[in-house]
Amino acid sequence: MAEYISHIRESDKKEQTVSEHSNNVAKIASEFGQAVQMSHTAWLQGILHDAGKLCTDFTEYIRGKSDAKRGEIDHSYMGAKYLANLAIELYKESRLNPDAALLIGRTILSHHGLHDWLTEDGENYFEKRTSIIKQDKEVECALPEIVSDGTLKKYYQESVKEYDAMQQKMEQLYKEMIAKGEQEKRNLSDDAKSVIPSFYQGFLERLMQSILMDADQTDAANFNDDIVYTSPKESTAVWDDMAKRMQEKCTTFRKKADAISRQRMNISDRCAAFANHDVKICRLVVPTGGGKTLSALRFAIDYSQKHKIDQIFYIAPFNSILEQNSDVIREIAGEENFLEHHSNVFSQLEDDEKESEKLSTYQMRTERWDMPVIATTLVQFLNALFDGKSSSVRRMHHLCRAVIIIDEVQAIPAKCIHLFNLAMNFLTHICGSTVVLCSATQPCLEQAEYPILLDEQESMTADFQADFDAFRRTILHSAGKKSFSYEDAADFCTEQYQKNGNLLLVVNTKQAALTMFQKLKERNSEFATVLHLSTNMCPAHRRTVIQQMREQLAAHQPLICVTTQLIEAGVDISFRCVVRSMSGLDHAAQAAGRCNRNGEYDCCSVYLIQLKEESWLLL
């Protein structure tokens with residue numbers, strides 16, 4: 001019997017047979033599929049995905065004995081074709097639903113990159129690919145090398161049951177969204193009613209595609225590195241260790257007697273108690289400066305312990321928030337259990353020649369997303385759900401059976417809200433995840449045309465009005481004039497600085513920030529340190545400036561900072577006076593969170609001004 005080859009290791013030219021690779025991928029995919037009760041379906045994907053390599057043409061190509069170039073031999077079509085034919089046979093015999101075979105076949109055809117199933121010319125791409133007749137006879141004769149026909153039929157019968165059960169879940173989700181729309185007196189349009197089932201059918205395919213891609217690439221990487229695959233360790237011990245470290249931190253905080261610290265602990269305790277509930281989508285509404293990150297993390301740890309959660313994700317819209325809060329999360333999780341995934345980490349490692357080994361490990365971790373606790377950006381999170389790149393699709397299935405903390409949720413772009421809502425509903429109702437929407441200024445996502453399905457008990461901290469009363473540390477003022485030129489604004493800010501000893505000015509554009517920095521420096525550099533923050537600065541420089549501000553504020557040294565909105569959400573810093581260029585109320589509230597943050601003073605002023613030179617209505 002011929003031996004068909006799937007991969008050849010570059011380092012020692014060792015060969016991996018198609019049978020070895022296919023069975024390894026089937027095993028890994030089956031484990032991944034357990035999270036959504038689709039393990040038999042995932043196994044079938046893995047066992048058949050490379051069936052087209054069971055031919056002499058591919059073996060000669062992989063050994064370099066043919067003129068074929070990379071991608072010229074279609075090794076994906078045969079597994080999809082064989083399963084489709086098997087499904088037709090079983091449908092004729094016992095009326096088994098053939099749709100499961102279509103789902104599996106599509107993921108097999110796309111395991112090296114996504115495809116649209118309807119071409120621009122209106123052609124059925126699945127039928128086009130599976131109508132190919134090349135190595136069919138040779139592959140069919142060799143298929144018993146990797147799996148018997150009886151085993152295929154047995155797994156396919158179980159796969160049909162899984163598929164039918166999944167369809168029932170998605171039908172129930174659809175009904176809940178219809179009911180939610182009616183409850184909000186926003187009856188879904190006919191277009192919306194037709195879009196939702198199609199969206200979720202596509203999302204199921206993407207999820208199964210993610211499982212196959214990750215399993216395939218994981219086994220290929222393990223073979224290349226001469227590693228035998230082992231299942232990820234249970235996260236239970238990780239959650240127990242994190243709970244101990246969190247308790248130690250809480251014990252330290254409880255010793256503080258001031259009113260702000262007491263209220264922060266009260267919020268944290270309520271979040272921990274909420275972990276006793278069965279949570280799908282909830283809100284964590286905490287005033288700025290209320291200890292939101294640690295409270296959300298405390299809930300996530302307790303919930304993961306009690307509900308057998310696999311991973312915790314912390315999602316933030318801006319790197320400035322992510323870098324700051326990652327330090328806090330890493331301290332609780334431990335370096336060995338934590339992945340901080342964003343561009344700034346990559347840049348730091350890439351720039352250091354001594355860190356090449358760490359960079360390689362880091363890249364592998366960001367590709368796999370297999371660490372117990374992951375902090376990443378909103379962009380990476382949305383990419384995992386919607387981006388077409390294989391690297392993004394591969395990560396999606398790790399969002400199953402996870403607690404997903406989405407910080408500053410008001411930062412989600414308006415054009416993404418419908419997709420975001422649909423995806424959150426899928427992750428929670430289909431994938432067994434829990435989503436926590438964090439912000440002091442919550443968007444009304446449940447009132448969108450495609451509403452998010454908030455839990456009946458939607459607020460983690462119940463009635464949060466008392467929290468806002470306790471954290472009322474500022475008064476919002478209009479600056480009085482209808483509009484300010486740059487010169488007028490510089491004079492006004494200088495006056496407020498002189499009254500208060502330090503001042504933060506937040507504007508809407510980088511150009512306005514640079515101009516105001518220059519004008520305030522001209523007026524005040526003899527008496528105060530004047531600093532400038534902008535997203536144009538490299539990450540290391542931004543961190544240095546923020547740290548300098550913290551040190552000078554703690555030492556009560558005279559300070560003025562001019563910045564864009566990058567400082568508004570999540571940056572733990574406290575000025576005595578804040579001036580905010582006119583924008584939405586959520587920006588005003590977030591800017592106020594950088595004023596008197598820890599209640600150092602009785603009450604401080606936040607001023608709103610309108611700069612003539614800023615076209616804020618266009619922002």
Side-chain angles (χ1 to χ4, degrees), residues 22 25-26 29-30 32-52 76-111 115-118 122-133 136-137 139-141 143-144 146-176 178 193-209 211-212 426 429-431:
S22 298
V25 173
S30 180
F32 291 162
Q34 289 174 6
V36 285
Q37 296 79 51
M38 296 285 280
S39 59
H40 292 85
T41 305
W43 187 90
L44 280 170
Q45 293 178 159
I47 204 70
L48 291 174
H49 80 289
D50 271 358
S76 302
Y77 85 94
M78 195 56 211
K81 183 175 184 177
Y82 190 88
L83 187 63
N85 290 335
L86 178 65
I88 292 171
E89 177 188 330
L90 293 176
Y91 177 75
K92 290 177 180 177
E93 287 179 5
S94 52
R95 314 303 291 180
L96 274 181
N97 184 358
D99 290 344
L102 180 62
L103 170 68
I104 298 167
R106 284 176 167 177
T107 62
I108 289 173
L109 287 175
S110 299
H111 75 270
H115 294 291
D116 288 325
W117 301 114
L118 196 65
E123 188 177 16
N124 185 317
Y125 185 72
F126 183 86
E127 291 182 0
K128 179 182 178 181
R129 285 285 296 278
T130 53
S131 65
I132 296 172
I133 301 175
D136 293 29
K137 289 184 179 180
V139 171
E140 288 178 12
C141 289
L143 197 59
I146 62 172
V147 62
S148 69
D149 196 53
T151 301
L152 277 181
K153 287 182 178 179
K154 174 186 172 183
Y155 270 83
Y156 181 68
Q157 288 167 349
E158 294 301 316
S159 174
V160 170
K161 294 177 185 177
E162 293 174 347
Y163 181 85
D164 289 344
M166 181 62 74
Q167 295 303 309
Q168 291 177 12
K169 286 184 182 179
M170 293 197 295
E171 176 66 21
Q172 181 59 36
L173 174 54
Y174 170 73
K175 289 178 180 177
E176 289 186 34
I178 297 293
K193 289 178 180 179
S194 65
V195 164
I196 293 172
S198 299
F199 178 91
Y200 287 134
Q201 199 63 46
F203 232 49
L204 173 62
E205 183 178 316
R206 183 183 178 92
L207 174 63
M208 300 310 295
Q209 191 75 66
I211 288 172
L212 177 56
F426 186 89
H429 288 70
I430 305 300
C431 300

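Side chains are part of it too, since the values below use all heavy atoms of this structure and drop only hydrogens, waters and symmetry mates.
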Participant: Distance check, rounded to the nearest 0.5 Å: Q157 atom CD versus L90 atom CG?
Facilitator: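 The distance works out to 6.5 Å.
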Participant: A84: what forms a side chain to side chain contact (heavy atoms under 4.5 Å, CB included) with it, not counting sequence neighbours?
Facilitator: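 Applying side chain to side chain contact (heavy atoms under 4.5 Å, CB included) to A84 gives none.
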Participant: Could you tell me the separation between the CD atom of Q209 and the CG atom of L109, rounded to the nearest 0.5 Å?
Facilitator: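 Result: 9.0 Å between the selected atoms.
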Participant: When rounded to the nearest 0.5 angstrom, what distance separates CG in L83 from CG in L102?
Facilitator: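 If we round to the nearest 0.5 Å, L83:CG and L102:CG are 10.0 Å apart.
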Participant: Could you pull out the closest heavy-atom pair between L143 and A51, with the gap in Å?
Facilitator: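 Closest heavy-atom pair between L143 and A51: CD1-CB, 4.1 Å.
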Participant: Please list, chain by chain and in numerical order, all residues satisfying side-chain hydrogen bond (donor to acceptor under 3.5 Å, both in side chains) with D136, sequence neighbours excluded.
Facilitator: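 D136 satisfies side-chain hydrogen bond (donor to acceptor under 3.5 Å, both in side chains) with Y77, K81 only.
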Participant: Which atoms form the tightest heavy-atom contact between A29 and A42, and what is the distance?
Facilitator: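 For A29 versus A42, the nearest heavy atoms are O-CB, 3.2 Å.
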Participant: Report yes if some heavy atom in the side chain of Q167 is under 4.5 Å from a heavy atom in the side chain of Q201; otherwise report no.
Facilitator: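 Result yes, sub-4.5 Å side-chain heavy-atom pair found.
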Participant: For the residue pair Y163 and L103, establish whether any side-chain heavy-atom pair is separated by less than 4.5 Å.
Facilitator: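 Y163 vs L103: side chains touch.
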Participant: Please assess D99 against D164 for the test side-chain contact (heavy atoms from CB on, under 4.5 Å), listing each intermediate value before the final yes or no.
Facilitator: CA-CA 9 Å; D99 290 344; D164 289 344; over 6 Å; no
Participant: Tell me, please, which residues at least two apart from A26 pass side chain to side chain contact (heavy atoms under 4.5 Å, CB included).
Facilitator: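 Applying side chain to side chain contact (heavy atoms under 4.5 Å, CB included) to A26 gives W43, I47.
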Participant: Just one of R206, H49, Q45 clears the side-chain hydrogen bond (donor to acceptor under 3.5 Å, both in side chains) bar with T107, so which one?
Facilitator: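 Looking at R206, H49, Q45, the match for T107 under the side-chain hydrogen bond (donor to acceptor under 3.5 Å, both in side chains) is Q45.
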Participant: Would you please name every residue forming a side-chain hydrogen bond (donor to acceptor under 3.5 Å, both in side chains) with Y200, sequence neighbours left out?
Facilitator: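 Listed in chain order: nothing, the list is empty.
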Participant: Check whether any side-chain heavy atom of L152 lies under 4.5 Å from a side-chain heavy atom of L48, and answer yes or no.
Facilitator: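 The answer is yes; the side chains approach within 4.5 Å.
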Participant: Taking all heavy atoms of A87 and all of A101, pick out the closest pair and write down the distance.
Facilitator: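 Taking A87 first and A101 second, the nearest heavy atoms are CB-CB, 3.4 Å.
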Participant: What residues form a salt bridge (charged side-chain N to carboxylate O under 4.0 Å, His left out) with E89, not counting sequence neighbours?
Facilitator: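 Per chain and number, E89 pairs via salt bridge (charged side-chain N to carboxylate O under 4.0 Å, His left out) with K153.
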Participant: Who passes side-chain hydrogen bond (donor to acceptor under 3.5 Å, both in side chains) against N124, sequence neighbours left out?
Facilitator: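 side-chain hydrogen bond (donor to acceptor under 3.5 Å, both in side chains) check on N124 returns nothing, list empty.
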Participant: Can you name the side-chain hydrogen bond (donor to acceptor under 3.5 Å, both in side chains) partners of K128, sequence neighbours left out?
Facilitator: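 Partners of K128 under the side-chain hydrogen bond (donor to acceptor under 3.5 Å, both in side chains) test: none.
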Participant: So which heavy atom on I108 is nearest to which on G79, and how close?
Facilitator: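 Smallest interatomic distance, heavy atoms only, reads CD1-C, 4.1 Å.
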Participant: Specify the closest pair of heavy atoms between M78 and G52, including all atoms of both residues, with the distance to one decimal.
Facilitator: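 So the minimum-distance heavy-atom pair works out to CB-CA, 3.8 Å.
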Participant: My understanding is that only residues two or more places apart in sequence, or in another chain, count here; which of them pass salt bridge (charged side-chain N to carboxylate O under 4.0 Å, His left out) with R106?
Facilitator: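 R106 satisfies salt bridge (charged side-chain N to carboxylate O under 4.0 Å, His left out) with E205 once adjacent residues are dropped.
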Participant: My understanding is that only residues two or more places apart in sequence, or in another chain, count here; which of them pass ring pair (Phe, Tyr, Trp, His ring centres under 6.0 Å) with Y156?
Facilitator: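 By the ring pair (Phe, Tyr, Trp, His ring centres under 6.0 Å) rule, Y156 matches no residue at all.
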Participant: Please identify each residue that fulfils side chain to side chain contact (heavy atoms under 4.5 Å, CB included) with I178, with sequence neighbours left out.
Facilitator: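 Here the qualifying residues are Y174, E182, L188, K193.
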Participant: If you draw a 6.0 Å radius around NZ in K169, do more than 12 non-hydrogen atoms from other residues or ligands fall strictly inside?
Facilitator: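 Counting other residues, nucleotides and ligands, NZ of K169 exceeds 12 neighbours.
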Participant: Return the CG to CD distance between D149 and E140, rounded to the nearest 0.5 Å.
Facilitator: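 Answer rounded to 0.5 Å: 10.0 Å.
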Participant: To the nearest 0.5 Å, how far apart are CE in M170 and CZ in F426?
Facilitator: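 Those atoms lie 6.5 Å apart.
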Participant: Can you check whether Y91 reaches V160 side chain to side chain, under 4.5 Å on heavy atoms?
Facilitator: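 The answer is no, as the side chains (C-beta and beyond) never meet within the 4.5 Å cut-off.
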Participant: Between SG of C431 and CD of Q37, what distance do you get to the nearest 0.5 Å?
Facilitator: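 C431 SG to Q37 CD: 9.5 Å, rounded to 0.5 Å.
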Participant: Could you walk me through whether I430 and F203 satisfy the side-chain contact (heavy atoms from CB on, under 4.5 Å) test, starting with their C-alpha distance in whole Å, then the side-chain angles of each, then the deciding distance to 0.1 Å, before giving a yes or no?
Facilitator: CA-CA 10 Å; I430 305 300; F203 232 49; over 6 Å; no
Participant: Taking all atoms of both residues into account, what is the closest heavy-atom pair of G33 and I211, and its distance?
Facilitator: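 Taking G33 first and I211 second, the nearest heavy atoms are CA-CD1, 3.9 Å.
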Participant: Answer whether the closest heavy-atom distance between the side chains of Y125 and S110 falls below 4.5 Å.
Facilitator: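 They are not in side-chain contact.
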Participant: Which residues pass the side chain to side chain contact (heavy atoms under 4.5 Å, CB included) test with H40, sequence neighbours left out?
Facilitator: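 Applying side chain to side chain contact (heavy atoms under 4.5 Å, CB included) to H40 gives Y155, E158, E162.
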